[in-house]
Amino acid sequence: MAKLMDVAQVIRSKNSGPFELTFDIIFRTQEDFEDFTSRKILCPELLCKLYHITKDQVLGIIEFPQAKAVKATIVCPWASGAIGERDVYGAQQHAPLMELEI
Amino acid sequence: MKEYRILSPTGIVGYGFPAASFEEGVRRCPDLIACDGGSTDPGPYYLGSGNCFTDRTAVKRDMEMMLLAARKLDIPLVIGTAGGSGAKPHVEREIGVIREIAKEHALSFRMTVIWADFEKSYLIDKMNEGKIHPLGPVPEITREDIESSTNIVAQMGNGPIMKALSEGADVVLCGRCYDPAAFAAPPIMKGYDPGLAIHLGKVLECAAIAATPGSGRDCMMGYLGEDYFRVEPLNPIRKCTPLSISAHTLYEKSNPYLLPGPDGVLDLRGCTFTEDGERGCRVTGSKLDTSGVRTVKLEGTKCLGYRTLSIAGNRDPVFIAHLDEVLENVKAQTAENFAGRDISYELNYIVYGRDGVMGALEPKTEITSHEIGIVIDVVGRTQEEANAVCSVARSAMLHYGYEGRIATAGNLAFPFSPSDIKAGAVYGFSVYHLLETEGETHLFPSEKMVFKAGEEI
């Protein structure tokens with residue numbers, strides 16, 4: 001089965017301010033973008049499963065056709081710089097999405 | 001309407017840029033050189049401590065090239081979020097850098113410094129009036145949050161920069177600033193469309209990050225027309241495409257269509273992105289909605305304690321199999337060691353090879369690596385307290401006798417001596433809120449400085 005990283009040219013995570021973590025998936029082709037979005041693969045349930053979070057921590061999922069992109073935002077599991085934090089920029093939280101089977 | 005040309009040399013003052021790209025930008029006769037100086041990305045430490053995450057020598061190199069070019073072309077230079085965080089100590093460092101450059105090159109110019117620091121008593125009054133609101137998933141602000149913060153700043157918008165320019169400033173050095181404002185305020189003052197100007201500023205504040213291949217330390221040129229803007233990287237190895245520019249509007253934002261800022265909400269729902277020549281992208285349709293309540297974003301951080309940490313590796317399959325037990329018991333032994341004493345701390349482990357990067361978010365539960373890295377992270381009320389706890393936890397882990405132990409000399413490979421690193425004060429965000437305003441210009445006081453042949457008069 002194909003993985004998301006086979007059809008996406010960008011899969012990234014990044015803090016959006018110190019308290020939100022946002023994921024971008026940008027597809028290579030219009031077909032792959034439409035296939036992925038029409039099947040609503042990226043949904044709150046999936047994010048909860050991939051990141052061990054609850055639905056109220058999913059802040060939004062937005063399609064951005066101009067860039068063949070989908071964006072999802074969750075509550076940052078730790079505030080940037082908080083004690084016990086792992087990733088100040090939030091830039092290395094994307095890997096579970098790469099391996100997502102689609 | 002003549003195109004307004006903006007040269008953006010680099011993502012953050014001090015990140016550097018290739019001289020050839022910059023020279024090409026200067027050759028294109030810009031109307032403005034603008035550069036962002038900061039970010040909250042590097043975390044809360046810098047705002048709270050007053051230290052800069054950018055290096056002074058690297059900042060001086062960039063600032064010198066920008067200032068000399070701006071003076072030669074006789075165009076404004078606008079620097080946003082000076083010194084990385086834009087509070088008084090950060091801005092003061094950059095004033096010192098500019099003073100040195102002015103003297104070394106006997107420059108003459110007028111500079112306006114715009115401060116972004118907020119008085120705690122003012123904010124407590126505003127809190128009591130119900131004018132301060134949480135920004136995203138943060139709690140309501142409290143008096144304690146305000147009082148315990150070391151520095152509190154707000155992001156200024158276009159108003160204070162436009163005021164400084166209209167009063168004759170050649171150089172505008174801003175404290176904490178909404179990133180696009182340094183690029184957008186000067187053309188808006190000349191009558192250009194605010195929606196397009198702010199959207200252009202959003203692209204240019206990251207310099208060539210929006211190009212492909214991207215770079216946070218290479219120059220971009222922006223051209224603002226009556227009903228469009230164009231961007232083009234100045235290094236021939238890069239180009240902007242409709243995809244690279246539209247995708248950039250997603251970057252580090254929660255909603256790519258509606259981007260709130262101090263001057264209103266930037267609405268990108270009607271945008272079009274098209275190719276422009278060989279290496280450029282043209283954008284139309286960006287709009288600014290000014291109908292909502294005007295706000296500025298407040299940022300404050302407070303000291304949480306002091307950190308001591310120890311980094312060690314382990315390459316023993318038996319130890320790795322018993323890792324959870326070891327870590328838990330070392331915590332317990334450390335707590336027992338200080339029981340009944342006036343000592344308060346947090347002891348955390350970061351285990352690379354297990355869940356070092358993602359912590360609780362990590363979906364994989366098994367360790368498949370032949371080796372692991374352990375960071376023992378202690379935060380105490382004082383440095384001495386953190387040192388003491390880290391030393392006990394580190395030695396307890398080094399010699400911990402787990403079941404089935406074969407390697408009995410020591411459990412940890414320390415890459416460094418000393419093994420314990422005193423990391424100093426730890427800061428956390430205490431204020432991340434919106435302050436309602438009725439026009440923000442008066443909230444950001446400015447200070448004028450005049451240099452004549454390098455001397456401040």
Side-chain angles (χ1 to χ4, degrees), chain A residues 9-10 12-28 30 47 49-53 56-97 99-100, chain B residues 39-48 134-138 242-258 268-269 271-273 297 299 301 304-305 307 345-350 352 355-364 375 377-379 426-430 432:
Chain A
Q9 66 168 338
V10 173
R12 66 189 174 197
S13 68
K14 178 78 169 62
N15 280 3
S16 166
F19 299 96
E20 296 180 13
L21 182 64
T22 191
F23 301 96
D24 298 339
I25 304 165
I26 305 175
F27 290 87
R28 279 203 193 84
Q30 189 65 27
L47 290 166
K49 194 175 123 215
L50 287 182
Y51 289 97
H52 297 158
I53 54 173
D56 58 313
Q57 292 170 291
V58 178
L59 299 174
I61 297 169
I62 296 176
E63 293 167 14
F64 194 60
Q66 287 106 315
K68 302 191 283 284
V70 187
K71 172 181 266 303
T73 304
I74 65 172
V75 175
C76 211
W78 46 68
S80 168
I83 295 170
E85 192 203 16
R86 305 305 180 95
D87 186 356
V88 174
Y89 287 70
Q92 280 298 311
Q93 304 301 315
H94 60 288
L97 287 169
E99 289 166 30
L100 179 68
Chain B
S39 173
T40 55
D41 280 354
Y45 168 80
Y46 302 95
L47 174 60
L135 178 52
V138 290
L243 181 70
S244 78
I245 298 302
S246 60
H248 182 73
T249 59
L250 297 167
Y251 183 60
E252 59 186 18
K253 307 290 180 298
S254 299
N255 181 330
Y257 292 111
L258 298 169
L268 305 184
R269 286 176 294 191
C271 277
T272 61
F273 301 84
K297 187 195 282 189
E299 297 163 352
T301 69
L304 303 175
R307 168 172 282 136
Y345 63 89
E346 280 201 47
L347 165 58
N348 289 299
Y349 307 114
I350 302 172
Y352 289 101
D355 59 356
V357 173
M358 298 188 65
L361 294 192
E362 176 59 60
K364 293 195 176 173
V375 179
D377 173 24
V378 180
V379 177
V426 179
Y427 287 83
F429 282 99
S430 44
Y432 196 72

Practice problem: Name the orientation class of the two ring planes belonging to B:F429 and A:F19 (parallel below 30°, tilted from 30 to 60°, perpendicular beyond 60°). | Solution: perpendicular

Practice problem: Using modelled atom types only, decide if a donor and an acceptor are shared between the side chain of A:R86 and the backbone of B:D355 within a distance under 3.5 Å. | Solution: yes

Quiz prompt | Which of B:C271, B:G428, B:G359 touches chain A most, by non-hydrogen pairs under 4.5 Å | solution = B:G359

Quiz item: Checking heavy atoms, do the side chain of B:P242, its backbone, both or neither come under 4.5 Å from chain A?
Solution: neither

Quiz item: Side chains of A:P96 and B:M358: does their closest heavy-atom pair fall under 4.5 Å?
Solution: yes

Quiz item: Top residue by heavy-atom pair count (under 4.5 Å) with chain B, among A:Q92, A:R12, A:K68?
Solution: A:R12

Quiz item: When only pairs under 4.5 Å are counted, which of B:D377, B:V375, B:I350, B:N348 shares the most heavy-atom pairs with chain A?
Solution: B:I350

Quiz item: Does A:Y51 reach the side chain of B:P363, with side-chain heavy atoms less than 4.5 Å apart?
Solution: no

Quiz item: Is any side-chain heavy atom of B:N255 less than 4.5 Å from a side-chain heavy atom of A:T73?
Solution: no

Quiz item: Which answer fits B:T249, side chain, backbone, both or neither, if we ask what part of it has an atom under 4.5 Å from a heavy atom of chain A?
Solution: side chain

Practice problem: Might you point out which heavy atoms bring A:K14 and B:D41 nearest each other, and give the distance in Å? | Solution: NZ-OD2, 2.6 Å

Practice problem: Please examine the side chains of A:Q9 and B:L243, heavy atoms only from C-beta on, and report whether any two atoms are closer than 4.5 Å. | Solution: yes

Quiz item: Which one, A:T22, A:L21, A:V10, leads in non-hydrogen pairs under 4.5 Å with chain B?
Solution: A:T22

Self-check item: Region of B:A247 that comes under 4.5 Å of a non-hydrogen atom in chain A
Solution: both

Quiz prompt | Minimal non-hydrogen separation, B:L361 against A:P77, with atom names | solution = CD1-CG, 3.5 Å

Quiz prompt | Under 4.5 Å from any heavy atom of chain A - which part of B:I245 | solution = neither

Self-check item: A:I26 portion near chain B, given a 4.5 angstrom heavy-atom threshold
Solution: side chain

Quiz item: Can you name the residues that form a side chain to side chain donor-acceptor pair (under 3.5 Å) with A:N15, not counting sequence neighbours?
Solution: none

Self-check item: Heavy-atom contact with chain A under 4.5 Å, split by part of B:E299
Solution: neither

Quiz prompt | Interface residue of largest heavy-atom contact number with chain A, from B:G305, B:P256, B:G43, B:S244, under 4.5 Å | solution = B:P256

Self-check item: Shortest non-hydrogen separation from B:R269 to A:Q66 and the atoms involved
Solution: O-NE2, 4.2 Å

Quiz item: Which answer fits A:E85, side chain, backbone, both or neither, if we ask what part of it has an atom under 4.5 Å from a heavy atom of chain B?
Solution: backbone

Quiz item: Is it the backbone or the side chain of B:V138 that comes under 4.5 Å from a heavy atom of chain A, or both, or neither?
Solution: side chain

Practice problem: Would you mind checking if B:K364 and A:E99 are paired as a salt bridge, meaning a charged N to carboxylate O distance below 4.0 Å? | Solution: yes

Quiz item: Is chain A contacted by the side chain of B:Y427, its backbone, both, or neither, given a heavy-atom distance below 4.5 Å?
Solution: backbone

Practice problem: Grab the two heavy atoms, one from B:P137 and one from A:E20, that are nearest each other, plus how far apart they are. | Solution: CD-OE2, 3.3 Å

